[in-house]
Amino acid sequence: MIPAPFRYIAVTSIKETISALSEYGDEAKVIAGGQSLLPLMRLRLAAPTVLLDLAGLGLRTIRTEAVDGGTELVIDAMTSYRSVATSPIVQDLAPLLARAASLVGDPQVRNRGTLGGGVAHADPASDVSCALLALDARAVVIGPNGRREIAFDDLFVGFWTSTIAPDEVLTEVRVPSARGIGWSYQKFTIRSQDWALVGAAVCGGRVALASMATQVIRARSTEAALASGASPADAAAVADEGSDPPADLRGSAAYRRHLARVLVSDALDEAASLLPPQPV
């Protein structure tokens, strides 16, 4: 199908973007790499009358910052999935995120799609959002009232819905250093380039799931079991508790629950195998 008619504006600054969002309200959408929004527009599941192209803003830097005596990874919103996946900095400080980004779609999607666009889209099947939730990341947004940070625990509230206000722009993602922490990302798909039928991310004691609710979620029962000293197998056995997986042509809710338990078990085993040897 062909998208509905829209006005195209190539914005050149954050200030201009916020001004346009305030002016056009719900009629406006921002576009980054276009790998999430454009398919929806072609199907007319989204029909903005104004499209704000962020390509001219730059925002493609990956860097580190010293925070409270530690190191924090900072990734600008327009950074491509491929850049995230191949960055030595990301591979060092947040290898879980690098791995998840490497599994997004196909090479074209990874080259064109952006980290910020994927996060702002709030897809419950998002590989990178699942990983960032496990990494205890924060999203930085700028709007008419200035800059604010949103913890990923508070970012997603429903299907394609986040707590980013309509007149705010996601500018960067901040990730605490996970160097030396056991991690894993497990993803089950029907085809290699598909969205996750179920995804599971583990970083230390945090466990996140994709495609198990209307947004990416924490597997809190598994986290509580691990914190109480349960074995990885016993902790994984409750991974689906508190979830509300969809049922569709690709799999039933019961099948997704089974997959969540299996994938979390595999993820916990792999995360433990990546830990540095303990002194005897």
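Along the sequence shown, residues carry numbers from 1.
Residues Leu132 and Val67 are members of separate hydrophobic clusters, defined by side-chain heavy-atom contacts under 4.5 angstrom among Ile, Leu, Val, Met, Phe, Trp and Tyr. One hydrophobic cluster, built from ILVMFWY side chains closer than 4.5 Å, holds both Ile14 and Leu54.
Looking only at side-chain heavy atoms (C-beta outward), Trp160 and Asp123 come within less than 4.5 Å of each other. Within the 4.5 Å cutoff, no side-chain heavy atoms of Thr49 are placed close to those of Tyr24.
Annotation: Arg42, atom CZ; neighbour count of heavy atoms from other residues, nucleotides and ligands within 6.0 Å does not exceed 12. For CZ of Arg82, the number of neighbouring non-hydrogen atoms (other residues, nucleotides, ligands) closer than 6.0 Å is 12 at most.
Donor-acceptor pairing under 3.5 Å is recorded for the side chains of Gln186 and Ser184. If you check the side chains of Ser83 and Ser80, you find a donor sitting under 3.5 Å from an acceptor.
Arg7 and Glu27 are not joined by a salt bridge, as no carboxylate oxygen comes within less than 4.0 angstrom of a charged side-chain nitrogen. A salt bridge links Arg147 to Glu172: one of the charged nitrogens lies within less than 4.0 Å of a carboxylate oxygen. Ion pair Glu223/Arg206 not flagged as a salt bridge, since none of the NZ, NE, NH1 or NH2 atoms sits closer than 4.0 Å to an Asp/Glu carboxylate oxygen. The pair Arg60-Asp76 does not meet the salt-bridge criterion, since no charged nitrogen lies less than 4.0 angstrom from a carboxylate oxygen. Between Asp153 and Arg138 there is no salt bridge, since no side-chain N of the basic residue sits under 4.0 Å from a carboxylate O of the acidic one. At a threshold of 4.0 Å, the pair Glu65-Arg174 counts as salt-bridged, since one of the basic side-chain nitrogens sits closer than that to a carboxylate oxygen.
Interatomic distance, CG of Leu21 versus CG of Asp26, reported as 10.5 Å (0.5 Å rounding).
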